[in-house]
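This one's a predicted model, so the numbers in the text were calculated from it and none came from an experiment.
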Amino acid sequence: MTAQWIGRATDALVIWLTLSVGAASIALAAGVTVPDWLLIACGLAALPLSRRVLPSTALQRREAWVLSAVGVVLLATLAVLAFGADQTLSRHWDGAVAWDVKNALLTADMTLDQAVFRDPAILHHSRDYPLGQPLLVAMVDRWTGVGRLVLPLAWILACLAIFVGACRRGSSVGVAAITAAAFGMTPAFVSTNSGSVDSGYADFTLAAWATVAASGCVGGDRRWISLGVMMMAWTKPEGLPYGAAFMAAAWLCSDRSTLFAAAIGWTIGAAVLLPLQHELAWADRQPLPASVFALAITPAALAVGSDLALSKMRGAWHRLGLALLFGAALLLCLPTLAEWSGNARGSLGRYLSEVGRLWDRGPIILDMAGAMLEHGVFRGRFGLIGAFLLLAFVPNWRRRFGSTVLGVWLVWLLPIWFATFAISNIELTDHLRSRVPRLLIHATGIAWSFLSSALPLRAAAEKTGSDS
């Protein structure tokens, strides 16, 4: 299979999964049973909507050998991950109580009209969690009987996204393939720890869609940016603020094309997610407030509108000043936004409502930084990516990166992560040990995409130097 068909297959897979989850989520929020034919219908619709995202060029013999060798390694790893996902249920707490239960319920009946979803007297852990992964597992399971193969499918999709993004940026096929393999073989992904690919958690699935959005940013594909942001929102509660951070990064970097794509993805993602979360949280079918759709539209409208207004003013100080003003206003309005979400007592609303605790627990930022260095750099779970990122923000390196938006996005994730620890009432040491590696998994694809955006620029510079 040539590189162009790998790109076409990846594009079709991204569209297929997004259409399937989006349509199924809308059906559940509307109180409709998801039909079994929906998965196949979305797959058929994805074929004409997909396109060849890589050019048709003949591979050199060396590139063909590298691509083949990497393909063998990734396929062998995929087989191991598929075996682990199929033969063992979730090995850790969240996988068992938050994800496997939902997988089983939706596989049995693709509707929310079940006692576990409707009876508030039944304990339902993480009741309002997004259903992106359980829906895919259930839909695939009802067709094949092996729904948990969705987990390794997310892994190979993320690897392909890294490969396609690097190729579209201008890297050779061999370099892009090696980069994809380096990403895919990250120890945290293929180990037996919580959050790994076959653990049953949705952390890597979230990371896969963040990788798709980041790859779209590297390759200049606005569709991938929008679809990746949508699927982040539909996969885990962190996905919605991650998408907002992506919009903020594009806004700060004055990257209007990326901002528009991220704004479209965030608006659609929130407009589908928030009604579904309301339906999940309020088992007694409380009316959906109209403010839900205002919340879905307002952030993107403010970002795009202010970007258009600032384009008429020269100077970065205007943008920085407005960013500080927006940030202060956002902190003051977070409790109100929790009410607007229609789910003030749920997973996202709780964080918005308790923002006052951030000031009381500010000193834990040092403990969090230490845990991130320990797990991200010194333990080896993430290879050398932590060390590479530390170098990436040295001024002389920063100028060589083709996608500064991704670097800013990584920085914007830090306050979101800090909030998850500052607001939580879990004992800090245990929480850092269990949560920090999974948060780092979320960002690994973004980090690799950010680093891969430097490859073609550096290669071009070296070629120019050798020619002279």
Side-chain angles (χ1 to χ4, degrees), residues 165 206-207 209-211 213-218 225 228-229 232 238-256 258-259 261-263 266 299 303 306-307 310 316-317 319-328 330-331 334 351 355 358 362 364-377 382 384-422 432 435-454:
L206 174 63
W209 291 109
T211 305
S215 178
C217 188
V218 171
I225 293 173
V229 170
M232 281 193 296
E238 298 96 320
L240 206 57
Y242 285 0
F246 192 17
M247 279 198 299
W251 186 88
L252 282 172
C253 293
S254 303
D255 189 337
R256 184 171 299 170
T258 299
L259 174 61
W266 198 92
S306 60
D307 182 75
L310 286 170
W317 290 109
R319 191 172 292 268
L320 179 59
L322 190 56
L324 294 174
L325 180 63
F326 277 169
L330 179 63
L331 288 176
L334 285 178
Y351 281 98
V355 66
L358 294 176
I364 71 169
I365 193 169
L366 296 178
D367 298 305
M368 175 183 159
M372 289 184 63
L373 282 174
E374 177 188 356
H375 292 281
V377 178
F382 295 89
L384 294 176
I385 189 66
F388 289 159
L389 280 178
L390 292 176
L391 290 175
F393 288 97
V394 174
N396 289 335
W397 265 59
R398 189 175 61 226
R399 300 190 191 101
R400 300 178 179 180
F401 284 83
S403 184
T404 55
V405 172
L406 298 182
V408 177
W409 188 13
L410 287 170
V411 173
W412 270 114
L413 294 182
L414 297 178
I416 297 174
W417 293 351
F418 169 67
T420 65
F421 295 106
L432 288 170
R435 192 72 182 275
V436 164
R438 289 188 284 134
L439 293 176
L440 293 174
I441 285 173
H442 299 172
T444 303
I446 305 172
W448 272 107
S449 296
F450 174 52
L451 294 175
S452 72
S453 71

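Atom CG of L440 is separated from atom CZ of R435 by 11.5 Å, given to the nearest 0.5 angstrom. A distance of 11.0 Å separates SG in C253 from CG in D307, rounded to the nearest 0.5 Å. With rounding to the nearest 0.5 angstrom, the CD1 atom of I365 is 10.0 Å from the CE atom of M372. Atom OG1 of T420 and atom CZ of R438 lie 9.5 Å apart (nearest 0.5 Å).
Within the 4.5 Å cutoff, side-chain heavy atoms of W266 are placed close to those of L240. In this structure, the side chains of L451 and I385 come closer than 4.5 Å at one or more pairs of heavy atoms. In this structure the side chain of Y242 never reaches within 4.5 angstrom of the side chain of I446, judged on heavy atoms. A heavy-atom distance below 4.5 Å is found between the side chains of F246 and T258.
The shortest heavy-atom contact between V229 and A262 is CG1-O, 4.0 Å. When all heavy atoms of L410 and A447 are compared, the closest pair comes out as CD1-CA, 4.1 Å. E238 and L206 get closest at one heavy-atom pair: CB-CD2, 4.2 Å. For S215 against S449, the heavy-atom pair with the smallest separation is N-OG, 3.9 Å. A pairwise comparison of heavy atoms in M368 and L414 identifies CE-O, 3.7 Å as the closest pair. Nearest heavy-atom pair, S306 versus W251, reported as atom, atom and distance to 0.1 Å: OG-NE1, 2.8 Å.
By the side-chain hydrogen bond (donor to acceptor under 3.5 Å, both in side chains) test, T444 is found to be paired with no residue, residues two or more places apart in sequence or in another chain being considered. The side-chain hydrogen bond (donor to acceptor under 3.5 Å, both in side chains) check on W412 picks up nothing, with sequence neighbours excluded.
A distance-only check finds a donor-acceptor pair linking the side chain of T211 to the backbone of A207 [under 3.5 Å]. Here the side chain of W417 pairs no donor or acceptor atom with the backbone of V436 at under 3.5 angstrom.
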### Query
When you look at F418 and I364, which way does the side chain to side chain contact (heavy atoms under 4.5 Å, CB included) test go after all the steps?
CA-CA 8 Å; F418 169 67; I364 71 169; 3.6 Å; yes
